Amino acid sequence: MNTIETERLVLRRFAPQDAAGLFAYLQAPIASCFLSLTLADLNDAARAVAERGADDKSIAVCLRSTGQLIGDLFAEPEGDTFSVGWNFNPQ
């Protein structure tokens, strides 16, 4: 995917440095529909970041000013349509 930058955000592929940010909001997902995405530790987060960075199904959302991962967007193919969603760090 091509990186997209706005005044405040950067949307890009996941990168190894995103593991801690991903763990911050997926160690205890707030929405019950995302409980299956719960990460046990930073090793799980590093594996999840590697998987998410392997294709364009997931998009990392980062603050432009700091580069900090604050959430993600996703689009999963389901037959002839897509399931779309998002996760954001409530902090």
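Keep in mind that the numbers below use all heavy atoms, side chains included, and drop hydrogens, waters and symmetry copies. Since this is a predicted model, take the numbers as computed values, not measurements.
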Notebook entry, point to check: Under a single-linkage rule joining Ile, Leu, Val, Met, Phe, Trp and Tyr whose side-chain heavy atoms are separated by less than 4.5 Å, which residues share a cluster with Phe82?
Noted result: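 The other cluster members (ILVMFWY side chains, heavy atoms under 4.5 Å, direct or chained) are Val84.
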Note to self: Going by side-chain contact (heavy atoms from CB on, under 4.5 Å), name the residues that satisfy it together with Glu51, two or more places apart in sequence or in a different chain.
What the structure shows: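 Listed in chain order: nothing, the list is empty.
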Next item on the list: Using side-chain contact (heavy atoms from CB on, under 4.5 Å) as the criterion, list what pairs up with Arg13, not counting sequence neighbours.
Entry: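 Counting only residues at least two positions away or on another chain, Arg13 forms a side-chain contact (heavy atoms from CB on, under 4.5 Å) with Met1, Asp56.
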Checklist line | Arg64/Glu5 under side-chain contact (heavy atoms from CB on, under 4.5 Å): CA gap, chis, key distance, verdict | finding: CA-CA 8 Å; Arg64 185 174 181 184; Glu5 293 190 27; 3.4 Å; yes
Next item on the list: Take atom CG of Asp55 as the centre, draw a 6.0 Å sphere, and report whether it contains more than 12 heavy atoms from other residues, nucleotides or ligands.
Entry: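 Yes, enclosed.
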Next item on the list: Only one of Ile59, Asp18, Ile4, Val61 passes side chain to side chain contact (heavy atoms under 4.5 Å, CB included) with Arg12; say which it is.
Entry: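 Answer after filtering Ile59, Asp18, Ile4, Val61: Asp18.
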Margin query: If the test is side chain to side chain contact (heavy atoms under 4.5 Å, CB included), which one of Tyr25, Trp86, Phe88 qualifies with Asp72?
Written below: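 Exactly one option meets the side chain to side chain contact (heavy atoms under 4.5 Å, CB included) with Asp72, and it is Tyr25.
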Hydrophobic cluster identity match, [X] and [Y], side-chain contacts under 4.5 Å:
X     : Y     : answer
Phe74 : Val49 : yes
Leu22 : Leu42 : yes
Val10 : Leu63 : no

Notebook entry, point to check: Side chain of Thr38, backbone of Leu35: donor and acceptor closer than 3.5 Å?
Noted result: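 Yes.
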Notebook entry, point to check: Step by step, would you call Leu11 with Thr3 a side-chain contact (heavy atoms from CB on, under 4.5 Å)?
Noted result: CA-CA 6 Å; Leu11 282 64; Thr3 298; over 6 Å; no
Checklist line | Test log, rule side-chain contact (heavy atoms from CB on, under 4.5 Å), inputs Ile70 and Leu9 | finding: CA-CA 10 Å; Ile70 60 167; Leu9 300 174; 3.9 Å; yes
Notebook entry, point to check: Run the side-chain contact (heavy atoms from CB on, under 4.5 Å) check on Phe14 and Leu69 step by step: do they pass?
Noted result: CA-CA 9 Å; Phe14 273 86; Leu69 178 74; 3.9 Å; yes
Margin query: Using 0.5 Å steps for rounding, measure from the CG atom of Leu39 to the CG atom of Leu26.
Written below: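 Between Leu39 CG and Leu26 CG, I get 5.0 Å after rounding to 0.5 Å.
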